[in-house]
Amino acid sequence: MPMNESQGRVWKQITQAYQQWDQDRSNPMEINELTSMMPEIPAELIGETLAEALADGRIIAFEDPGQFLPVPNH
């Protein structure tokens, strides 16, 4: 299922926050770091958006507690 409108907006903010956090776009980011960078967005919505991004192949998830890495050019 594609991202809904809210998730699409949050996804854009996630990618912008990640870009600020790691300009090389090569290091996995902890979800907790992301939620602290975006306190105005409910953690639940961030989690739902990341779950949809994983299903869409937009991120790689890691088992190390709550890490993700955006797929380049996606």
Side-chain angles (χ1 to χ4, degrees):
M1 167 187 274
M3 287 186 181
N4 64 36
E5 189 175 327
S6 294
Q7 291 169 336
R9 284 192 304 267
V10 172
W11 175 247
K12 185 174 180 177
Q13 292 176 308
I14 288 171
T15 57
Q16 290 171 346
Y18 180 83
Q19 179 72 25
Q20 291 175 353
W21 180 79
D22 182 13
Q23 293 182 355
D24 293 334
R25 299 180 60 102
S26 60
N27 295 302
M29 180 181 207
E30 290 192 25
I31 295 170
N32 290 339
E33 179 76 25
L34 182 63
T35 57
S36 69
M37 291 177 72
M38 300 168 46
E40 70 283 358
I41 299 173
E44 182 178 296
L45 181 54
I46 291 172
E48 290 170 2
T49 301
L50 289 173
E52 193 61 45
L54 180 61
D56 289 348
R58 295 175 188 223
I59 64 170
I60 299 168
F62 294 85
E63 289 192 26
D64 191 356
Q67 292 186 331
F68 72 97
L69 179 67
V71 174
N73 300 320
H74 202 296

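Residue indices begin at 1 and follow the sequence shown. All values reported here derive from a predicted model rather than from experimental measurement.
Rounding to the nearest 0.5 Å places CD of Gln20 at 10.0 Å from OG1 of Thr15. One distance of note links CG of Asn27 with CG of Asp22; it measures 4.5 Å at 0.5 Å rounding.
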Report all side-chain donor-acceptor pairs from residues 35-48 shorter than 3.5 Å, counting only partners two or more places apart or in another chain.
from: Thr35; atom 1: OG1; to: Ile31; atom 2: O; distance (Å): 3.4
from: Thr35; atom 1: OG1; to: Asn32; atom 2: O; distance (Å): 3.0
from: Ser36; atom 1: OG; to: Glu33; atom 2: O; distance (Å): 2.8

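A donor-acceptor pair under 3.5 Å is absent between the side-chain atoms of Asp56 and the main chain of Arg58, judged by distance alone.
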Please walk me through it: do Ile59 and Leu69 pass side-chain contact (heavy atoms from CB on, under 4.5 Å)? CA-CA 5 Å; Ile59 64 170; Leu69 179 67; over 6 Å; no

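Contacts classified as salt bridge (Lys or Arg N to Asp or Glu O under 4.0 Å) and involving residues 3-12 (residues at least two apart or in different chains) are given here: Glu5-Arg9.
Residues Thr49 and Ile14 approach most closely at CG2-CD1, 3.9 Å, considering heavy atoms.
In this structure, Pro70 and Arg25 have side chains that are in contact, with non-hydrogen atoms separated by less than 4.5 Å.
Every residue two or more places apart in sequence or in another chain that forms a ring-ring contact (aromatic ring centres under 6.0 Å, His included) with Tyr18 is listed here: Trp21.
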